[in-house]
Amino acid sequence: MEYVTLSNNVVMPKLGFGVFQIPKDICEECVLNAIQIGYRHIDTAQSYFNEEEVGNAIAKCGIPRTELFITTKVWIDNYGYDKTKSSIETSLIKLKTDYIDLVLLHQPFGDTYDAYRALQDLYKEGKIKAIGVSNFAPDRLADMVGFNEIPPHVNQVEVNPLHQQVKAQENMIKRSVQMQAWAPFGEGKNNMFQNPVLTEIGNQYHKSVAQVILRWLMQRDVVALAKSIHIERMKENFDIFDFELSQDDMNKIAQLDTNTSLFFNHQTPETVDWFLNLIQDRKNKI
Ligand code: NAP
């Protein structure tokens with residue numbers, strides 16, 4: 001495993017296991033399998049509806065809590081100082097842990113400032129070891145860094161070979177914010193796993209497209225969160241620490257960038273409307 005050190009000296013495994021869209025009934029088993037394979041960094045969220053199952057795996061896995069790195073994210077509907085604090089107390093109970101390694105504000109909409117102040121206070125109390133944001137564009141991130149007592153340690157954004165976020169990463173490095181990549185495979189959109197450039201690069205090292213993508217992120221110093229419900233793919237995605245992409249490979253991958261999200265552009269009013277509808281849908285589920 002490789003690691004990054006956050007601006008507050010917290011050490012984070014560079015490869016994490018994401019549990020978005022893993023159904024409740026198989027999530028505990030998937031996380032146990034991932035931990036068995038060697039993953040120590042698990043990424044969940046209040047809005048994934050599987051914190052409890054992640055917590056069951058944490059409790060049962062037999063690995064000391066201090067060796068695990070657990071992230072959750074506060075859902076927009078839980079923003080606001082008191083609501084955020086109480087939602088994190090609920091997350092602590094569901095995750096069956098005394099502290100959470102990293103808590104992020106999931107989306108850059110709504111009452112982010114009061115929510116962030118709650119994260120800061122829980123951080124000072126030691127209940128959260130690092131705090132941050134997710135899906136914050138460069139201007140919003142600069143604002144959060146500039147106008148808060150404790151700047152975000154992390155910003156989790158979509159990063160994959162078709163949406164590389166080079167400028168966004170430069171902005172994060174400048175502000176000592178660690179970039180994390182969600183959907184490193186773009187969930188397979190645009191035939192990512194069949195991409196000819198990535199396939200050819202992988203063939204040189206006897207590695208798959210998924211392994212090339214994760215290796216590329218490691219070499220860009222981006223923390224990658226990969227999701228799979230299949231043990232063989234979990235193993236494949238973990239087997240990326242025995243090869244190095246050449247500068248020529250890195251340059252070829254750089255050329256795949258389209259500067260366009262495969263999912264949403266967080267900076268349009270339509271996206272805000274979409275999230276408002278989603279909040280309504282999810283209101284009773286959290
Ligand atoms: P992803 O990791 O890019 O892609 C997951 C998809 O790829 C799944 O359909 C999986 O299928 C497939 N896959 C995984 N490994 C594979 C392999 N080696 N070969 C072929 N197919 C493979 O997408 P994601 O789950 O959306 O993102 C990863 C994590 O990022 C999430 O789980 C979550 O923790 C985080 N995330 C955060 C946000 C945010 O807003 N902060 C948004 C999205 C995601 P199977 O499961 O069937 O194997």
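Please read these numbers as outputs of a predicted model, since none were measured by experiment.
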In terms of hydrophobic clusters joined by side-chain contacts under 4.5 Å, are [X] and [Y] together?
{"X": "I128", "Y": "L104", "result": "no"}
{"X": "M250", "Y": "V159", "result": "yes"}
{"X": "I131", "Y": "I88", "result": "yes"}
{"X": "F17", "Y": "M12", "result": "no"}
{"X": "L214", "Y": "M179", "result": "yes"}

Between [X] and [Y], is any pair of side-chain heavy atoms under 4.5 Å apart?
{"X": "V223", "Y": "Q156", "answer": "no"}
{"X": "I42", "Y": "L68", "answer": "no"}
{"X": "V31", "Y": "V19", "answer": "yes"}
{"X": "I279", "Y": "W75", "answer": "yes"}
{"X": "W216", "Y": "I201", "answer": "no"}
{"X": "V157", "Y": "Q169", "answer": "no"}

Polar side-chain atom of [X] near backbone of [Y] as donor-acceptor pair, under 3.5 Å:
{"X": "R140", "Y": "P108", "value": "yes"}
{"X": "K94", "Y": "G55", "value": "no"}
{"X": "Y39", "Y": "N33", "value": "no"}
{"X": "R40", "Y": "M1", "value": "no"}
{"X": "N191", "Y": "Q194", "value": "no"}
{"X": "K24", "Y": "E53", "value": "no"}
{"X": "D257", "Y": "N259", "value": "yes"}
{"X": "T97", "Y": "I100", "value": "no"}
{"X": "N160", "Y": "H163", "value": "yes"}
{"X": "E158", "Y": "A183", "value": "no"}

Regarding [X] and [Y], is there a side-chain donor-to-acceptor distance under 3.5 Å anywhere?
{"X": "Q247", "Y": "N251", "answer": "yes"}
{"X": "H230", "Y": "E236", "answer": "no"}
{"X": "N50", "Y": "T44", "answer": "yes"}

Check whether more than 12 heavy atoms from other residues, nucleotides or ligands sit under 6.0 Å from atom [atom1] of [X], and answer yes or no.
{"X": "N277", "atom1": "CG", "answer": "yes"}
{"X": "K96", "atom1": "NZ", "answer": "yes"}
{"X": "E200", "atom1": "CD", "answer": "no"}
{"X": "K124", "atom1": "NZ", "answer": "yes"}

If I compare all heavy atoms of [X] with all of [Y], which pair ends up nearest, and what's the gap?
{"X": "A45", "Y": "T72", "value": "CA-OG1, 3.3 Å"}
{"X": "H153", "Y": "A130", "value": "ND1-CA, 3.6 Å"}
{"X": "Q46", "Y": "S87", "value": "NE2-OG, 3.0 Å"}
{"X": "H266", "Y": "Q107", "value": "NE2-OE1, 2.9 Å"}
{"X": "V177", "Y": "N155", "value": "CG1-N, 3.5 Å"}
{"X": "L198", "Y": "P161", "value": "CD1-CG, 4.0 Å"}

*Take Y99 and T66 through the side chain to side chain contact (heavy atoms under 4.5 Å, CB included) test and state the conclusion after the steps.*
CA-CA 10 Å; Y99 70 93; T66 49; 4.2 Å; yes
*When you look at E51 and T90, which way does the side chain to side chain contact (heavy atoms under 4.5 Å, CB included) test go after all the steps?*
CA-CA 10 Å; E51 283 179 309; T90 304; 5.9 Å; no
_side chain to side chain contact (heavy atoms under 4.5 Å, CB included) evaluation trace for L225 with H41_ = CA-CA 9 Å; L225 305 167; H41 175 170; 3.7 Å; yes
Between [X] and [Y], does any side-chain N to carboxylate O distance fall below 4.0 Å?
{"X": "D82", "Y": "K85", "value": "no"}
{"X": "K73", "Y": "D43", "value": "yes"}
{"X": "K252", "Y": "D248", "value": "yes"}
{"X": "D111", "Y": "R117", "value": "no"}
{"X": "K235", "Y": "E232", "value": "yes"}
{"X": "R215", "Y": "E2", "value": "yes"}

_Rounded at 0.5 Å granularity, tell me how far CZ in F243 sits from CE in M218._
10.5 Å
*Is the H106 to Y48 ring centre distance short of 6.0 Å?*
yes
*asked:* Is there a side chain to side chain contact (heavy atoms under 4.5 Å, CB included) between Y79 and F109? Walk through the geometry before answering.
replied: CA-CA 9 Å; Y79 287 2; F109 310 123; 5.9 Å; no
*So is K227 actually on top of F20's ring, under 6.0 Å and inside 45° of the axis?*
no
